[in-house]
Student: 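Structure below; questions to follow.
The sequence lines fix the lettering, A, B, ..., with proteins before strands; numbering per chain opens at 1. Small disclaimer: the values here were computed from a predicted structure and weren't measured. FYI, side chains are in, hydrogens and waters are out, and symmetry mates aren't considered; it's all heavy atoms of this structure.
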Amino acid sequence: MTFERVIGSVAFAALLASPISAQTLRYATVSEPPSLDIQMGTATLASTIGQHMFETLYAFDASAKPQPFLATGETISDDEKTITITLRDGVTFHDGSAMSAEDVVASLERWSEFGSRGKLLGLESAEATGPLEVTLTLSAPNGAWKSMMAYPNGGPVIYPAEVASAAGGDAISPENYIGTGPYKFGEIRPNRYVELVRFDDYAKVDAPLDGESGGREALFEKLQFIPVPDVGTRMSGVQAGDYDYAEYISGDLYGLVKDDPSVQVKISAAPIFGLMFMNSEAGPLKDNYALRRAILASLNMEQALQVSVGEPELFKADGAFFPEGNVWYNEAGTDAYSEGDADKARALATEAGYDGTPIKLLVSTNYKEHFDQATVFTRQLADAGINVQMVVVDWATLLTLRGQPTEWDMFMTHHGAIPDPVLLTVMNDSYPGWWKSDEKHALAEKFTGTSDLETREAAWADIQSLIYEQVPVVKVGNVYSFDIASPGLTTPWDGAPAFPHFWGASK
Amino acid sequence: MTAPVLSVSDLVVSAGPKFDIVRGVSFDIAPGEILGLVGESGCGKSMTSLAAMGLLPSGIRVSGGSIQLNGTDIIRLAPHQRVQRGCGRMAMVFQEPMTSLNPVLRIGEQIQEAVRVHDRAASPPARARELLDMVRIPDATHQLRAYPHELSGGMRQRVMIAIALACRPAVLIADEPTTALDVTVQRQVLGLIRELCDSLDMGVLFITHDLGVVAQLADRVAVMYAGGLVETGDVVPLFAAPRHPYTAGLMACLPDPNSDDPMLATIPGSAPRPNEIKQGCPFAPRCSRVDDICRRGAVPITFNDSGQAARCHFPLTCEAPE
Amino acid sequence: MFRYVIRRTGAAILTLVAASIVIFGFIHMIPGDPVYVMLGDGATPEQVAALRTRLGLDEPLVLQYLIWAGNALQGDLGQSVFFETPVTQVIADGAETSILLATMTMVWIVGFGIPVGVLAAIRQGRWIDQGLSGLAMLLASVPTFWVGLYLILIFAAGLGWFPSSGFPSIFDEGGLSNLRYLILPSIALAAPNAALILRLTRASMLDVAREDYVRTARAKGIKPYRVVTRHILRNALLAVVSAFGFTFAALISEAVVTETVFALPGVGRTVVQSILRRDYPVIQGVILVIVCLYLVINLLVDLSYRMLDPRVELE
Amino acid sequence: MSELVLDIRNLRKVYRVKRGGQNREIRAVDDISLAVRPGETLGIVGESGCGKSSLARAIMGLTRADEGEVLLNGTNLLTLDRHALARARLHIRMVFQDPYASLDPRRSVGDSVAEAGDIHGIFKDRAERAQRVGEALDRVGLGARFADRFPHELSGGQRQRVGIARAILPEPKLVIADEPVSALDVSIQAQVLNLLGELKARLGLTLMFISHDLSVVAKISDRVAVLYMGRVVEIAPARPLFRDPRHPYTALLIQAIPRPDPSTRITGAIDPDEPPSRFARLEGCPFNDRCPRRTALCATDAPALREIEPQRFVSCHHA
Amino acid sequence: MTAHLISLTRQFAMRPLTTLGAAFLVLVVLSAVFAPLIAPFPPDAIDPVNRLLPPGGAHLMGTDHFGRDTFSRVVYGARLALLIGVGVVSFSLASGVPIGVLSALYPRLGRVLMRMVDVLMSFPSLLLALGLIVILGQGVFNAILAIGLIYLTTTARIVYGVALRLRAEPYVEAARSMGAGTWWVVTRHILPNMISPLMVQASFVFAFAQLGAAALDFLGLGAPPDVPSWGNMLAESRIYITRASWLLLWPGMMIVLTAFSLNLVGDWLRDRMDPRFRDVVRK
């Protein structure tokens, strides 16, 4: 027997010998998940996995509108500072105990005290005003409160009161991953997988599934989230049937999979977008808005997106911070977006008194898109006579360095889809870049001071214009990442949500 | 005269085209006879012996002549092929007792291995003990379990001889077997070889650079210079009256503590390397009796009455009248 | 023998202590802060400070080292900052993959490198030797990840004979058939090392073949095959065995890359990931364990060498 | 009595090795006292491991002696500081055994010959250096033209001549020749021995000649010291020693020399009788095991070296 | 001299593969030196429209995902390969030789130094390099240091072995018997006689430095990714392996061929070398 035939038959026999269970969903993740304590961290992967275990009082429906979920409804006082929420009856935690108002109060208190997103709510107090009734008091009206309550990323998921109060500001450890979701925690094996198993006593909402809201149903016995950092490997793994679902497939691979019958392509419904922050605290860009506009004018986002993403279906050079169709979408200020005009930029730079001082652009290699975009920008800026030096570091170092104002002038990052502009990082004064001009503060006050949607929309449009005027950050463009799934996998959604969820999914 | 067990004639060994290391060497060895092959380093004596054993290193080969063991031509046969063809009764002892035994195998294993190859009838352990007794190693049973590094040089050389005897050799080739040993030990090993030669009636080709050893051990002597034999003869007449100037020169070089002359006789210059040998007599450049004829053409062999052969145009005549 | 083991073990422990100081010192020189990485984008300085205190990163370095070393002696390598599980568990989780990978790789190395090296040596100078030696040198000149990528391209993506990546435990579904996941990675990993062993085997075979005692063996009239197996190979393997410690170190290094390419849940990838995540305790623990293992393997290699070679006295 | 060139007093060099878990001693040089007079050749002879090379190395300071004195013209070399010792080495030179390995393959003959002078800066200028090197090479019969050659271009005999030229260039008080001819062929050996004899006569060289070959030593030496297991067993003028050895070991040694004389044939085997292990015997005569004349006394008391007649010293109870 | 040249030529003729290897190395050096003349495009010229073009046409080896000309980048990559090689070799020799020589000359110091070398050697080499990079930060110079440190240990070991042997050489003994000091022995005898083993070691270090640098680049911790190095090209192109596999082919081939050629030349040097040192230099 020839060598090839031996190898071939061994491999074939081996393949036959390993049926992959139809009861397990194998999800190839881009990396190892950090802590799944959703309240504390904003890591995407933690939300993707955690949302199957932990649930929020509200949940977005298919049209991105918050709907009651663990709650059944609420009443709001006239001054918009007091909110009374009634809870759904019969919800049980994975440890068998019933969810009560105390659990909700403890969870919300922890979230608002320690959670990075929770602080933005401005919760003054939460009280159990009945076995299934919670009353929240806000320090100021917050128009975004319900969205914030529904947003699973760094959001107010409900833990048992003991767990929430015992953990305080620390991350909850895996043995205390107790939630109300359709799946409960199984085990974490580092570098191998995180496993969730079906929660048989799940209290399903008695309504059809609608986006994230409605009746969630666990059709798989287990969910396994398997870290597969190499994108090629994630893709070939799905093609070979090793995984049912793989997230974050590189844009450049789109051409290979879009017509491949062995995979289904799930383009993201929620674009992420690249951001290049400018340093408002120190350095040559500190308050030189003119120079910043010169930089903006030299950038051609089409090129950057083409290089970093590749497939035209997967990106859109759009200056608006929210995608078209979203309530927050507007075009204010976006004329200045992606001009790619080297001459204009050069003129602006001269006008701004730019003397050729090197501008340090901090970028990490861990995200290929950041690096690709930075490379293109560097080249475009050089064409406009603006001297940019790339400082290439790994992501961990970048996170450290960007906290030190003297170490950088610009840095590359990206931003995920969010339900409300208040969650934009650039809106946070303490986020590296430290944009806190008076104009910003004035507009921000207008924006958060009311829950009237129209007023808030208008204020947001002004903020967006201000961003294009003071350029604290440059938006690169919308990137529609795509995931792939095995052909047999059916999901209740077409476009992949920001945090793909698998209740109601089967294969 | 008995028939020779080993007969080498016109042996030529080459390391390449026009690069002869051994140039037409001929000699016979009779059973029970020790032939001393003597010469300085690089004269080709070791290559002659390796050619006879079929152990020439790669790149060096026999390019002419014949080697016959009991009348069978064994030229170009490696030892194991000789065993297969039933003409393997020839063995060799090498110069370096320190490196010639496999360091990771016990003495007994190494001897038994040789026994198994040659002597299927014998019980290897018994035969191994017998062989050790033959080479007079005391406490044979214990020594069989020893590793080579646990033995002294003299003992190792005895083990080497025991291994050689395993094939009940008709001819034993000993290539400078005592050069690495101290004189007192050398004497013992030489005595052993003499005794075994006599008792087993083997022919021995004893290779050495030491004229003293040859004089005391060999029955006949062959003197080699620059790849060829210059003189052969029985040991007594040869030492009494060497005929070739080189042989005579060598003898004169030996320091004689009993002589009063503070100076030693010398042979000027040094031996040519194989690739430097020119036409004519290779010793001509160093010879005190050289004449034009020596630098041209082949040199004839001449014999005297006692059968002493010399390859010289002007052999030394005996002082005694002919 | 016993004294020798004691002495060598003592030396190994000294090395280990020195190495542990190096490991500890190095890692604390690394810029970048695990706390930031852990807490993510929106961390506040208070959170950072709190976490740092909790991890003991505020203590003086010497104290931190002593605590760490003391705990390590008791088998406690600390908590992974990232996974929030004991480091020992993180290592144990990667151990299965890495051990199986190393074992399979060694099988290729020994099964391919030594016989082929022997073949090349006994055919020294012939075309087969020149071909094999050339091939060996070529393999030794190829980056493992490059081989890995092309193996994936050809045998996984192209022919589909083997899975491209990952490795489910053999204790999970699929059982031993899961070993097929390791075939390509182990081949990629074995290639350069097998090439080195091949060259080493060939070279030491040729060296030994020049030894006087091999000539003695031939003079005995032993068949060439027996001369090779009994006299040459056995002595030549001594040199090869002593190279296994070195091979092991090379394996670990290259496993780091190989496990990354093939997305294997092994210790090597854990290290790389942990370096990127600044997960100090995991880096420290893994490297300490690797160094320990290296020292133990070297000790075993030395001991077996000494047992195979009677010339060396065990004292 | 003329002043001694070299006076070795109670020199001792012990190597300690671990064997089987025990510390064992090898007494390489065991309480040796020897003197070399100006212009004489002192031969040192003995079998391998008898300590003759250790003795040379200890005198040269290549290994550190454990005890004793090495007086060169009255100065104890063993107590000199580094610089003084370095300079003293100009006066005491060595010829090595292996003519192939003792010349640096990357240095020309001239550089090798001049090396001692270069080290100590004894040449005023390049011209003097070239002249001195030329002279030295002339003296050993090579000629100044060899100065530019490299060792690989020379034959063994020529290299050993270079070795000798190197030793005599600084005009030393003493030359120690450690087995200078044992690696050479007989015909070349005679040339080198003659050269040494010639230099001795012409330059008044004082020589310590070390060899395992008693016939060579006896030929070239004025006096001979026989070493056994790190001790001197007999010292005597060469000819008397050779003709009439008084120590049984010397007799054994002389008897074992293969003579180019077919009348003294080897006729049969002798049972093995080898030098004992090099580990020190703690008591008795070191030759006790092999000695044909041994008595009970020999097993317990080590004999001292005593003068049994003028100029003849023997360390044997029964001499 | 001519005779030397002729014999050299003959030796090369005997080993055609080595000759090819040497020729390839000359080619690499030439491309490094004359990169601007050879490369048809600047190595960093971006042309997103013409990205991922297959080989052919204006782009001999195709283009990468930035639309940069792969051939030009391969040519410029030779510069970094050379820089890394020369840097690592210099560093490892400059540090390994003194350590090895000193250890051999002063056994007491040697025990300490060699123990330290042992400690370094007990770390898997790539992890050691990774660790250093993470401490020192990313950059060509730091990559050289990190890889150089790995080969410092092997070089020190080899130098130690060679120096030990040389120290015991009779001619060194002879010099010491003349009162030569350590400095004299080292500069006149030990170092000159160490040249050939060092050359062999240097060629192997040069070869393995290529592989080490490629591995670092591949893990994203080698030369900054904007530098056109072969390893970076591999790292960048790796996700296009199924779509544009030629992108991995060219730089990969360059790394393999460079390392292979260096190994061939090193082998040839070693075979020419004094056999006494062969087993020291062979690892």
Student: Would one find more than 12 heavy atoms of other residues, nucleotides or ligands at under 6.0 Å from atom CZ of B:Arg145?
Tutor: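 No.
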Student: Chain C: which of B:Glu150, B:Glu96, B:Gln81, B:His118 shares the most heavy-atom pairs with it under 4.5 Å?
Tutor: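 Of the options given, most contacts go to B:His118.
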Student: Would you please say whether a donor-acceptor pair under 3.5 Å links the side chains of C:His231 and B:Gln110?
Tutor: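 There is no such pair between these side chains.
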Student: Where does B:Ala91 contact chain C at under 4.5 Å (heavy atoms): side chain, backbone, both or neither?
Tutor: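 B:Ala91 has no heavy atom closer than 4.5 Å to chain C.
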Student: Counting only heavy atoms closer than 4.5 Å, note whether B:Ile173 contacts chain C via side chain, backbone, both or neither.
Tutor: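 For B:Ile173, there is no contact with chain C at all, as no heavy atom is under 4.5 Å.
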Student: B:Gln84, B:His80, B:Met90: which one forms the most heavy-atom pairs within less than 4.5 Å of chain C?
Tutor: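 Among the listed options, the one with the most contacts to chain C is B:His80.
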Student: Considering all heavy atoms of both residues, which atom of B:Met160 and which atom of C:Thr216 are nearest to each other, and what is their separation?
Tutor: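 Here B:Met160 and C:Thr216 meet closest at CE-CG2, 3.5 Å.
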Student: What part of B:Val117 gets closer than 4.5 Å to chain C, counting heavy atoms only: side chain, backbone, both or neither?
Tutor: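 Side chain only.
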Student: Shorter than 4.5 Å, heavy atoms on both sides: which option in B:Ala164, B:Pro79, B:Pro148 has the most such pairs with chain C?
Tutor: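 If we count pairs closer than 4.5 Å to chain C, B:Pro79 comes out on top.
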Student: Testing C:Lys223, C:Lys220, C:Arg218 one by one against B:Glu113 for a salt bridge (Lys or Arg N to Asp or Glu O under 4.0 Å), which residue passes?
Tutor: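 Only one option passes, and that is C:Lys220.
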Student: What's the separation between atom CG in B:Asp175 and atom CZ in C:Arg215, rounded to the nearest 0.5 Å?
Tutor: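 If we round to the nearest 0.5 Å, B:Asp175:CG and C:Arg215:CZ are 7.0 Å apart.
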Student: Mind checking the CG-CZ spacing from B:Leu105 to C:Arg234? Nearest 0.5 Å is all I need.
Tutor: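 Reported to 0.5 Å precision, the distance equals 5.0 Å.
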Student: What part of B:Ile163 lies closer than 4.5 angstrom to a heavy atom of chain C: side chain, backbone, both or neither?
Tutor: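 The answer is the side chain of B:Ile163.
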